Each structure stands twice: as structure tokens, then as C-alpha cells.
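Every chain is numbered from 1, with letters handed out A, B, ... down the list of sequences. Computed from a predicted structure; not experimentally measured.
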Amino acid sequence: MSDSNKGPTRRQAHERKLKRRSMILAAISTSVVVAALVILIPLTPGWERVKQSFFNWDIVVRTFPKLLNAFLLDVAIFAWSVPLIAALGLAIALARDVRDPVFYPLRLFGILYTDIFRGVPVVLVVYLIGFGIPGLGLQRPFNSPYLWGTVALVLTYAAYVAEIFRSGIESIHASQRNAALSLGMSPSDTMRFVILPQAIRRVVPAQMNILIALQKDVALLSFIGPVEIFRQAGVFKSLLASFTPYVVAAAIFLVVTIPATRLADHMLAKQNRARS
Amino acid sequence: MSDSNKGPTRRQAHERKLKRRSMILAAISTSVVVAALVILIPLTPGWERVKQSFFNWDIVVRTFPKLLNAFLLDVAIFAWSVPLIAALGLAIALARDVRDPVFYPLRLFGILYTDIFRGVPVVLVVYLIGFGIPGLGLQRPFNSPYLWGTVALVLTYAAYVAEIFRSGIESIHASQRNAALSLGMSPSDTMRFVILPQAIRRVVPAQMNILIALQKDVALLSFIGPVEIFRQAGVFKSLLASFTPYVVAAAIFLVVTIPATRLADHMLAKQNRARS
Amino acid sequence: MKLQVKNVHKSFGHTKVLNGISLDVAEGEMTCLIGASGSGKSTLLRCINLLEPVDDGEIWLDGAEIADPALDPQPIRQRIGIVFQSFNLFPHMTAEENVMLAPRRIFKTSRDALRPTVEELFDRFGLKDRMHHYPDQLSGGQQQRVAIVRALAMKPEIMLFDEITSALDPELVNEVLQVLKSLKQDGMTMVLATHEMAFARDVADKVCFLDKGSILEQGTPADIFSNPRQERTRDFLARVLGPR
Amino acid sequence: MKLQVKNVHKSFGHTKVLNGISLDVAEGEMTCLIGASGSGKSTLLRCINLLEPVDDGEIWLDGAEIADPALDPQPIRQRIGIVFQSFNLFPHMTAEENVMLAPRRIFKTSRDALRPTVEELFDRFGLKDRMHHYPDQLSGGQQQRVAIVRALAMKPEIMLFDEITSALDPELVNEVLQVLKSLKQDGMTMVLATHEMAFARDVADKVCFLDKGSILEQGTPADIFSNPRQERTRDFLARVLGPR
Amino acid sequence: PCATGKTLHDGTLTIATGNPAYFPWVIDDAPESGKGFEAAVAYAVAGKMGFDADHVSWVRASFDESIQPGAKNFDVNMQQFSITADRDKVVDFSAPYYTSAMAVLTTKQIVEGGAKPTLDSLRKLKWGAQASTTAVPMLVGLVNPDSDPMLYNDNADVSAALQAGQIDAALFDLPTALFLAAVTVNDGVVLGQFPAERSTNPDQFGMLMEEGNPLKFCIDEAINALKQDGTLAKLEATWLAESTGVPVIK
Ligand SMILES: Nc1ncnc2c1ncn2[C@@H]1O[C@H](COP(=O)(O)OP(=O)(O)OP(=O)(O)O)[C@@H](O)[C@H]1O
Ligand SMILES: Nc1ncnc2c1ncn2[C@@H]1O[C@H](COP(=O)(O)OP(=O)(O)OP(=O)(O)O)[C@@H](O)[C@H]1O
Ligand SMILES: [Mg+2]
Ligand SMILES: [Mg+2]
């Protein structure tokens with residue numbers, strides 16, 4: 001009984017063997033596949049053309065700095081939209097939770113709002129608001145496509161964020177509400193001190209996914225003017241007659257979105273594990 | 001004790017009173033708000049212009065049939081994409097679950113695949129694949145924008161669908177796996193008969209949300225040629241110098257997406273209730 | 001009588017859950033509700049605390065009717081403490097914050113003013129070194145004791161307990177039951193739904209057997225456990241205590 | 001000996017959970033594992049069924065070593081039935097489908113060929129009219145009995161039970177324990193982890209007291225319950241049975 | 001001079017062009033050089049209005065963005081905007097500075113495949129056009145193709161689709177078609193042009209301004225003067241030379 005700390009146990013020995021074997025197998029099969037790809041793909045008849053069109057290194061070098069610069073605009077639009085979205089989304093979530101009949105119009109508004117903005121393609125909202133509203137004769141600077149493009153994104157994403165907040169609020173078990181009410185606390189205090197703090201914490205991973213989607217949808221603003229990375233890549237594409245700038249743009253997006261998505265997945269998985 | 005079925009109980013009487021009161025209040029406050037909107041908005045200086053631009057009834061009548069017709073193309077693209085997305089998504093989800101070291105490249109591919117296609121904006125993928133691949137010299141009909149546009153959507157959405165399947169598989173409590181294994185069932189039978197049927201059922205609401213997003217993103221295919229509803233609205237907009245066609249398009253989308261979203265929300269809420 | 005329940009009816013949809021319950025609880029007395037799962041014990045306690053509106057019937061607390069649907073339930077709930085089966089501590093707050101939240105918001109007392117009383121309560125129930133822990137850092141028994149402290153901090157006139165030990169590991173049951181004994185010694189009026197027959201027999205002043213939403217039989221523990229008059233009561237006791 | 005556990009060790013990460021367990025189970029005998037929560041009862045049963053690989057030590061079934069990590073666990077698991085605390089029926093299948101799935105896939109038997117045996121089992125445990133119900137249409141006790149039938153349908157040589165009554169309402173406990181009694185009469189070899197001390201005392205052939213991953217004391221029920229030799233055993237029994 | 005106090009920035013004329021701006025209207029996407037027809041016209045008009053080359057500044061605006069109603073970030077925008085009555089309701093156009101024929105851009109393969117500059121032959125082709133231009137209604141009006149046309153956001157996308165064989169032919173103004181055939185599209189061919197009288201409204205290019213821009217009068221005056229003194233014709237000859245020899249569609 002006391003020798004269990006000396007030397008590897010039988011299972012450890014077995015697992016070490018297994019692990020060595022599977023690492024070797026994985027290494028072999030991976031190298032075979034990678035080698036096949038690296039050797040065979042350049043032999044295909046269209047490869048030169050694909051390379052020219054999608055992976056032209058010269059064009060990467062030439063366009064990268066300007067594309068990166070244009071991406072800063074995406075980041076900026078994202079950065080100033082997020083707090084607005086969070087605030088509006090929470091307000092609408094709470095509006096939909098109001099029980100007092102006097103405020104029924106508020107609830108109705110909340111319902112209509114989320115239905116409409118979740119139902120229409122973002123690009124349509126961007127066109128309608130980003131082009132339509134300035135077209136009503138607003139004077140500069142109030143007709144800026146940055147302004148109205150942002151409004152379009154904020155209105156759309158606030159609808160999604162509101163629904164997630166609401167689902168968070170509803171996911172808090174009734175017993176928490178009961179516990180607070182049974183102590184004599186008022187419904188608004190219960191919401192503020194007991195339900196909301198838990199609900200908000202619980203929906204962080206879902207909201208992160210929405211933010212990642214937003215970061216990508218910022219590209220749609222390019223259709224109403226702002227020269228952000230997607231538009232800049234389009235300009236290069238027409239000047240250079242190559243799709244490489246789009247590939248570069250995609251790569252720049254991935255650098256931001258992959259870690260963010262991974263983080264969101266990780267948090268969500270942790271939460272799911274904790275719940276079950 | 002026996003009179004409880006005769007006449008309204010005290011609570012029923014009270015609730016009836018409350019209900020009447022709150023219905024009156026809600027009706028009053030709603031009518032006040034609606035009346036204010038209906039009376040005040042047309043008095044604002046820009047209203048004529050907004051109406052001209054966004055709610056021009058003549059234009060609605062003129063453009064509606066063609067827009068509806070164009071929407072059929074959206075529906076068709078959606079309809080043939082969905083089964084492909086489901087199949088590819090499930091395959092990738094299972095590829096990421098493979099434990100045998102020989103198939104490590106498959107797992108690696110699954111991880112890279114979902115990371116990349118979830119990380120790049122859909123519109124970028126549509127441009128890259130929808131324009132880039134046919135540009136490599138494919139002959140008709142293999143260069144069709146419908147084909148490659150569909151491929152772009154399928155590749156992108158399969159990544160999301162795969163992640164949801166995977167989360168579904170992981171959400172099945174380990175005890176189900178244990179129960180099946182403890183009976184002596186093989187891991188693949190366990191997956192096929194015990195885990196997958198439950199996982200798929202569980203992720204239906206989440207997948208529905210993805211399908212609604214897909215239905216809306218079909219509009220992005222218009223950028224590579226197909227004249228679906230969004231493009232058709234754009235053509236009308238530039239011919240008629242009015243945003244009304246976009247509003248009509250938005251309304252057509254809402255007719256499909258609102259009921260679908262409602263249904264998804266409902267199923268999700270039911271599931272959450274069942275779980276807690 | 002401290003608490004009087006008079007002919008209370010309650011349905012959920014078309015299911016009748018309480019079917020004319022009447023119950024008197026005297027000051028300082030401990031009343032135990034026993035009965036099969038689904039017999040309506042929890043619902044009765046929730047009705048007394050106004051978490052569920054009763055359909056019909058009256059509930060009197062200290063000579064005033066409290067179940068009138070036109071009344072604001074908030075001040076009444078402050079006077080009645082309740083502890084539930086599964087731990088309903090607020091998971092985002094420490095034990096101390098859990099206890100202080102309601103008094104702070106309702107009586108507008110500061111933390112500092114509350115601290116002495118709260119510390120005393122924690123101390124009394126052997127939780128002094130757990131005050132700054134979060135619920136998930138506490139064992140089930142500790143969580144239940146904090147939940148009791150939280151209810152007591154509102155200085156309720158009567159306490160309701162809904163199977164507060166049934167989600168606990170068997171070894172943790174006793175520490176919670178000890179707390180109830182000690183509250184009884186202080187003269188607290190208590191109503192508890194329980195499956196712990198041994199405890200009910202030894203400690204309760206009165207035992208009520210609920211069956212399908214009615215009180216089928218009530219009396220001293222000795223009456224109920226040794227000489228159950230009703231066939232159903234005998235059945236139930238046989239199944240629960242029965243030969244295993 | 002039907003089953004021999006020899007000096008089994010098991011850790012999760014750095015927590016030692018089984019610390020050199022040795023246990024002999026004779027053919028047709030019922031062995032009860034008792035002990036505080038976390039003492040390792042479930043882990044031991046899961047190790048015997050090869051759901052957890054043991055770190056060190058040996059497990060012999062019918063004279064053959066089964067815990068060798070190089071062996072394929074699948075055919076061994078078919079010979080050992082296990083039923084868990086929370087109902088692990090497959091919720092998307094009826095009771096009958098639950099029972100038939102494994103034999104159909106493993107022995108490639110058709111439904112029709114299986115039906116007589118399965119119906120007999122359902123009948124024997126009073127479940128005949130519940131065969132075509134889904135798990136959520138069954139009570140907890142019925143679910144547990146179906147889980148037992150499911151394990152028996154594989155014709156195991158030995159059955160393991162892991163606190164199969166602790167998630168049940170008190171009134172449903174007995175119907176499940178009756179099943180165990182009846183299996184014992186058939187001569188089934190059984191190992192069960194349980195908190196039902198009364199049952200262990202009345203029915204078990206051998207009782208083992210686990211404490212922190214070791215078997216601290218084992219013997220006949222009379223030995224353990226009436227004359228526990230170890231201080232810790234006495235403590236544990238006092239707490240569980242103790243004066244409430 | 002006429003423009004004093006009417007421009008966006010005092011003393012400077014702000015002119016917008018496309019992003020990118022296309023040959024032969026602007027050479028090398030560099031309007032500042034004054035090379036290319038529209039760039040040259042821009043500087044000539046500016047000169048007439050009293051702005052020397054140093055007081056002309058350029059901004060970029062996409063096609064879609066420019067024809068939106070509302071306030072603008074430019075004084076005038078030159079981007080081959082066709083003057084139409086509907087557009088004139090929401091923006092202002094200058095007097096036309098160029099009148100274009102519409103032409104059919106296609107590729108050698110299609111011509112070798114038997115496409116002829118006749119309406120019957122054209123009708124069978126798969127068509128594309130830039131979505132927000134007047135080419136769309138003209139395509140229906142002039143050709144009325146058998147299959148529905150594909151529509152794109154900009155010239156580059158139309159040429160990419162033509163190149164990829166997703167469409168057989170596209171309708172452009174003649175100079176653009178000539179340029180795309182010569183430079184952008186491999187094996188590009190201008191199959192033919194439509195006689196001006198066949199078009200319901202001949203495609204006239206005007207500078208685009210915000211609705212009610214007081215500058216319109218000055219610009220019109222300058223353009224008319226350039227038309228009178230032959231400058232416009234000369235610039236046309238310089239930058240849009242090769243338009244002869246394209247067969248007329250029957
Ligand atoms: N919110 C509710 N909606 C509908 N039915 C309910 C609700 N709460 C309780 N019930 C039903 O009322 C009946 C009585 O439930 P209650 O929880 O009061 O029983 P109980 O005696 O406390 O049982 P247990 O011992 O299981 O706690 C049950 O049939 C239950 O399904
Ligand atoms: N998969 C696991 N990973 C990490 N630790 C585990 C795992 N399974 C069990 N443990 C730990 O092993 C110890 C023994 O657990 P086990 O479930 O065997 O105890 P038990 O005697 O069955 O208790 P109970 O009466 O609560 O069922 C506990 O401390 C538990 O936290
Ligand atoms: Mg209850
Ligand atoms: Mg256990």
C-alpha cells in the first residue's frame with residue numbers, strides 16, 4: 001500500500017506507452033497529409049493562377065499597411081458602438097419586463113423593436129438608415145455616414161443584446177426572486193440587487209459572441225461610404241485585379257476574431273459545465 | 001369547503017377588478033402614445049420628406065410584385081443551402097470529436113475550419129469565393145454565382161452549425177455516456193444511438209437561430225450578381241430615388257423572420273425552463 | 001393564536017392543490033407538516049408567506065387578515081421568515097452580504113449599524129468564520145444555516161421551513177436540525193414541512209398530516225405517530241418508517 | 001471468489017480517492033459499502049466496472065484479471081451490470097427500447113427474439129404496463145427499476161448499485177429495495193453503496209466501512225452496526241443514525 | 001467671381017470622384033494630375049470659375065453614396081453620372097459635359113461563339129450591369145434579354161464577372177467599355193454601340209451637386225463657355241480618342 005508513490009504505477013506505464021504511440025501516429029499521419037498537400041497542390045493545373053489571384057506575396061506586401069490602417073477604422077467604429085449597444089440593449093430588456101399596465105406602450109415598443117431589428121438583414125438596415133436618414137436633408141455634420149452607420153449598427157445589435165439580457169434575466173431561477181421577495185424586498189430592489197447582477201454575469205459569453213458578430217458586421221458600413229478595410233480591399237482589388245487584398249483583409253480579421261471566439265467558447269463551455 | 005366552486009372566489013373577484021383596471025390603463029396609455037405619435041409626427045417639419053422617401057404608397061404598389069418575386073430567389077437559395085449546411089456541419093462536428101491519433105489531421109482540420117469560417121465576415125467570404133473561384137477559369141455552368149455564392153454560405157454556416165452540434169454533444173451529461181458504456185456498448189454505437197439523438201434534439205432552437213441568420217445573409221449574395229430582393233430594391237432605389245423599396249424589402253423579410261424568431265425564442269425558453 | 005389559516009383553497013390551473021386547509025398555530029409553538037410528496041406542504045407555506053396568492057379563504061397573523069389580495073404583500077412578508085428546501089442564498093454575495101441586503105434596503109440601516117446584530121447571529125449558529133465566504137464555498141448545511149440567519153435578521157414574528165434538510169447529505173442534517181431546536185428554545189413560532197419523522201416526533205408540539213391538499217389528521221406527535229386514526233396516515237407512516 | 005479487488009489505488013489529479021482498497025466478494029453474496037460522502041464508494045464501483053481506469057492494483061473477476069489497462073474494456077463491461085444514483089435511462093427511448101438497445105447492438109439479436117425475455121423481466125419487477133412509456137412518464141422508483149432491468153438484460157455475472165435510492169422520494173425507496181432483495185434470493189452477486197443503514201443491516205452479507213479511500217472496517221452487519229471496533233465507524237454511525 | 005462664398009471651403013473647389021476612379025475618365029486613379037477626361041474637364045471648369053489648380057481639392061465618394069439625397073462633402077462630383085429626371089428631384093446636375101453612346105462589352109470567346117451586333121443575337125446572351133446606373137433600365141429598354149441580368153456594385157465587379165464567364169456581356173457607356181475591353185478584361189471586345197436616337201434618353205453626363213446648390217449657376221456657365229469655345233471637344237479628342245470603328249447595333 002505504501003509503495004504507490006515509488007516509480008510509475010501500472011497505469012502510468014501503460015499510458016506513457018500509449019501516449020508515445022499516439023503521438024508518433026499523429027505526427028506521421030499529420031506529416032503525410034501536410035506533405036501531400038504541399039506537394040500535390042502546386043502540381044494541379046490551376047495552382048499558378050490561384051496563387052496569382054489569391055496569394056500574391058508582392059500584393060500582400062504592398063497592400064498590407066494600408067489595409068491595416070483601414071482596419072483601425074473598423075476597430076474605432078466597434079469601440080464607440082459597444083457602450084451604446086450595451087446601454088440601449090439593457091434599457092430595452094428592462095422595458096420588456098415592465099409589468100405596470102400604465103407602461104404597456106413601453107413593453108409593446110420593446111417587443112416591436114426587438115422583432116423588427118432582429119428580423120431585417122443588417123445590410124438592409126445599414127442602407128436604410130445610413131443612406132436614407134441623411135437623405136432627408138440633414139446638414140453636416142449630422143449627415144455623416146459614420147454617425148448614421150453607427151446608429152444602424154447600434155439599433156440592430158441592441159435588439160440582439162436586449163434579447164440576451166432578457167434570456168439571462170429569465171434564466172435566473174424563480175427561487176432567487178422568491179428568496180428576495182420573501183424577505184420583504186421590493187420588486188425593483190429584487191431586480192437591481194439580486195436578479196440583474198447574476199443575469200448579466202451569466203450572459204457574458206453569449207454577449208461576447210454578439211460582439212464578435214458586430215466586429216465583423218462593421219465591414220458592412222463600407223457600403224455607405226466609410227473606407228474601412230473591406231472597402232479598401234475592394235479598391236485594391238479593382239486597381240490590382242487580384243483577390244489577394246481580400247485574403248489579407250480576411251487574415252487581419254482572423255487575428256482579432258479567433259482569439260475572441262476561442263475565449264467566448266471557453267467561457268460558454270465552462271458555464272455549461274458548471275450548470276450541469 | 002364545498003362552496004369553492006360556486007361563484008368567484010375572493011381572489012378571482014379581486015383579479016377581475018385588477019384586470020379590468022389594468023386593461024383600461026393600458027388602453028388609455030397606449031392610445032395616448034399612439035395618438036401622440038399619429039398627430040405629432042406629421043407636424044414635424046421633415047415629415048413630408050420622410051414620407052416621400054420611406055413610405056411612398058405609390059412606390060410600394062409599383063415595386064411590391066417584383067420585390068416579392070425577387071424574394072423567391074432568396075427563399076430558393078436558402079432552401080437548397082440548408083441540407084448541405086446541416087450535413088457538412090454534422091460531419092465537421094464529428095471530425096472534431098475523433099479521438100484516434102491516426103485521424104489527428106481530421107481533428108486539426110475541423111478546428112482550423114471552424115476558426116476560419118467563424119472569424120471572417122460573411123460578405124468577405126462571399127466575395128472571395130463567389131468571385132475568386134469562378135475567376136480561375138471554370139466553364140459554365142461550373143462558374144455560376146449561384147453555385148459559388150451557395151458554396152460560400154454553406155462553408156460559413158457549416159462552421160457555426162458544427163459548433164452548435166458540438167456544444168450539443170458536450171451538453172449531454174457524462175452519465176448518459178457512462179450508462180451506455182457500462183452496458184458494454186462500443187463508443188461509436190454510444191455516439192450514434194445515445195448521444196447524437198439527444199444532442200440534435202437539444203440544439204434545434206439554437207440551429208433555428210442560425211437558419212434565421214442565414215435567411216438574412218442570403219441578401220449578401222446580391223453583391224456577386226444574383227438579383228435577389230435586396231439588389232432589386234437597390235435598383236428601384238436608384239431608379240426612383242426613394243428608399244421605399246428598401247422598406248418594402250424589410251417588411252417582406254419581417255413576414256418570414258418574425259414568426260421564425262418567435263418560434264425559436266419559444267422553443268429556447270421552453271428548453272431553459274425544462275432544464276432548470 | 002399567532003397564526004390562523006382558515007379554509008384556504010388554492011389551484012394551479014385546474015389542479016386543486018389546497019382544498020380548504022384550516023390550521024391554528026399558537027405563539028412559540030412548533031408545528032410540523034408531514035405528508036406524501038405533492039400533498040401541498042410547500043404550497044401551504046408559500047401561501048402563508050404570500051408568495052402565492054390564495055384563491056379563497058383567510059390567513060390571520062396576530063389578529064390581522066393578511067391574505068386580502070388588495071393588501072401590499074411587502075410589509076407583511078417582512079414579518080414572516082421562510083427558508084426553502086434548496087439553498088436560495090444569493091450566489092454573487094458573501095454570506096454577510098446575503099444577510100445584510102434586505103435590512104439595508106428595507107430599514108435603510110447602514111452596514112456598520114447592522115454588523116453587531118449580524119455577527120451575533122453568525123456566531124450563535126457557529127458560522128462566524130464563514131461570514132465572508134461565498135455560498136459555493138460553504139457546505140450545504142452551512143448554506144442552510146446562513147439562509148436561516150438571513151431570515152432571522154429581518155426579526156420575523158414567525159418562521160416557516162420547507163424541508164430544509166432534504167437536499168442535504170445525511171451527515172449534515174443534524175447540524176441544521178440543531179438550529180431549529182435552539183430557535184424553539186428561544187420561543188420562536190415555527191411551521192415546518194419535513195420528512196424527518198424522528199425529529200417531528202421528538203421536537204414538534206403539533207403534527208399535521210396533509211393528504212391531497214387537506215389536513216387529514218392533526219394532533220400531538222404521540223397521537224399521530226403512535227395512534228394514527230386514519231387509514232391513510234397509517235399507510236403513509238408505514239411506507240416512510242416501514243420495514244426495510 | 002467471484003470478485004477480488006486487490007490493493008486498488010486511484011487519484012483524480014492530486015487528490016487520492018482510493019488508497020489501496022482490497023475487497024473479496026463471494027458468489028451470490030451481497031456486499032454493502034457504507035461511509036461518508038466523498039469516501040470513495042462511487043469511485044470504487046466505477047473502477048470495478050472499468051468506467052474509471054485504476055492507477056494501480058488488480059481486479060479479478062472469475063479468476064481473470066480485468067483491470068489490465070491493455071485489455072479492451074468493452075466485453076468485460078458486458079459481464080458487470082451497474083446502476084447509478086441518478087436515473088441514467090436514455091430519455092429519448094421508451095423503457096423497452098432502453099432495455100433492448102444494448103443486447104440488440106452487441107449480440108445482434110432482433111427485437112422479436114429479445115421480447116420474451118425482456119417482457120418477463122418487466123413483468124417480474126411489476127413494470128409490464130410501463131414498457132412503452134418514456135422515462136419522464138415514469139416515477140423515480142419505476143425509472144430505477146427499469147435501469148435495473150436494463151442491466152439484467154445483458155445477463156451480467158455481478159451487479160453493482162451506487163446509492164440507487166438516494167435520489168428517490170422516501171415513499172419510493174422501498175419498491176426499489178424490494179427488487180434488490182429478490183435479486184439476492186436468485187443468487188445474484190451484488191455490491192452496493194448505500195446510505196440505507198436499515199437495509200444494509202437487514203439484508204447484507206457483508207458490510208464495509210470506507211473512510212477517505214480505505215476500507216477501515218469490514219464484517220457482518222451485526223459486527224459493524226452493533227460492535228464497531230473503530231472510533232471513526234462509531235462516529236459515522238452515530239451521525240447517520242444518531243439522535244435527531 | 002461667381003463662386004465666391006458658395007463653395008464648401010472658401011477659395012477652394014472640392015471635387016469628388018470614384019474610389020477608385022476609372023480610366024479613361026481619370027488616369028491611374030490620380031485626378032490631381034489632371035490626366036483623363038473628367039480630370040481634365042474638372043480643371044478646365046475650375047479654371048473658368050477662377051480656381052487655379054492649387055485651389056482644387058479632390059475627395060472620394062462611392063457611386064451609391066453620391067446619388068443619395070442630402071448634404072454632401074463635396075461641391076461637385078464627376079463620376080459619369082447620367083442625368084435623369086428622377087435623380088434630378090433629389091440632387092442637382094450641371095449642364096451635360098459629355099454625351100455618350102451605350103456600348104456592349106464582351107469577350108473574344110463570346111464573339112467567337114457567334115455573338116453578333118444585332119438585337120436578336122444580343123437578346124440570347126447572359127447580361128450584367130452596374131446596379132445603380134442607368135444601364136439597368138436601358139438594358140431592358142434596348143435589348144430586353146431573355147434571361148434576367150446579373151447586377152453588380154461597381155465596374156470592377158462587372159468586369160470580374162465577365163472575366164469569370166458568369167456573364168457574356170455588359171452594358172456601359174462607350175468610353176468605359178473601350179477602356180475595360182482594352183485594359184481590364186482579358187480578350188475584351190466592344191461588340192457594338194447603340195445609335196443615339198435608339199436610346200430613349202441619350203446618356204448625358206453631368207456633374208452632381210447637392211439639391212439647390214447655388215454653385216450650379218456658375219458651373220453651368222463655365223461648362224457652356226467651354227462648350228462654346230471648343231475646349232470640351234478638344235479634351236474629348238485628347239482623352240476619348242478611339243471611339244470610331246465600333247459597329248452600330250442593328
Ligand atoms: N407553480 C406551480 N404550478 C403548477 N403546479 C404546481 C406548482 N407548484 C406546485 N404545483 C403542484 O402542486 C402540487 C403540490 O405541490 P407541493 O410542492 O406543495 O407539494 P409538497 O407536499 O411540498 O411535495 P414535496 O414533498 O415533493 O415537496 C403538486 O402536484 C405540484 O405538481
Ligand atoms: N471525475 C472526478 N474528478 C475529480 N474528482 C473526483 C471525480 N469523481 C470523484 N471525485 C472525488 O473523489 C472523491 C470521492 O468521490 P466518490 O463519488 O467516490 O465518493 P462517494 O463515497 O461516492 O460519495 P457520495 O456518498 O457523495 O456519493 C470526492 O472527493 C470527489 O470529489
Ligand atoms: Mg415541497
Ligand atoms: Mg457516490
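Neither the backbone nor the side chain of A/S167 has a heavy atom closer than 4.5 Å to any heavy atom of chain B. Interface residue A/V33: only side-chain heavy atoms are found under 4.5 Å from chain B. Residue contact with chain B, scored on non-hydrogen atoms closer than 4.5 Å, involves the side chain of A/I258 exclusively. Interface residue B/V247: backbone and side-chain heavy atoms are both found under 4.5 Å from chain A. Using a 4.5 Å cut-off between heavy atoms, A/L268 does not touch chain B at all. When heavy atoms are compared at a cutoff of 4.5 Å, A/F223 approaches chain B solely by way of its side chain, counted from C-beta outward. For chain B, no part of A/Q215 is nearby; none of its heavy atoms comes within less than 4.5 Å. With a 4.5 angstrom heavy-atom cutoff, A/R262 touches chain B only via side-chain atoms.
Relative orientation of the A/Y246 and B/Y127 rings is tilted, given thresholds of 30° and 60° on the angle between their planes.
Per-residue counts of heavy-atom pairs under 4.5 Å with chain A were compared for B/V123, B/V218, B/V256, B/T261; the largest is that of B/V123. The candidate from B/Y104, B/F131, B/F230 with the greatest count of non-hydrogen atom pairs under 4.5 Å with chain A is B/F230. Ranking A/V125, A/T114, A/L106, A/V120 against chain B, the residue ahead of the rest is A/V120, based on heavy-atom pairs under 4.5 Å.
Residues A/L254 and B/D115 approach most closely at CD2-O, 3.9 Å, considering heavy atoms. Shown here for A/G119 and B/F253, the closest heavy-atom pair between the two residues is O-CB, 3.8 Å.
Residue A/L124 holds its CG atom at 10.5 Å from NZ of B/K216, rounded to the nearest 0.5 Å. To the nearest 0.5 Å, the span separating CG on B/D217 from CG on A/D217 amounts to 7.5 Å. Taken to the nearest 0.5 Å, the OG1 atom of B/T30 stands 10.5 Å off from the CZ atom of A/R107.
Atom CZ of A/R177 has 12 or fewer neighbouring heavy atoms from other residues, nucleotides or ligands inside a 6.0 Å radius. Environment of CZ in B/F103: sparse, with no more than 12 heavy atoms of neighbouring residues, nucleotides or ligands closer than 6.0 Å.
Taking the charged nitrogens against the carboxylate oxygens, B/R166 and A/D265 have no contact shorter than 4.0 Å, which rules out a salt bridge.
Within the 4.5 Å cutoff, side-chain heavy atoms of A/L220 are placed close to those of B/L220.
The ring-ring contact (aromatic ring centres under 6.0 Å, His included) test applied to A/F243 returns A/F54, not counting sequence neighbours.
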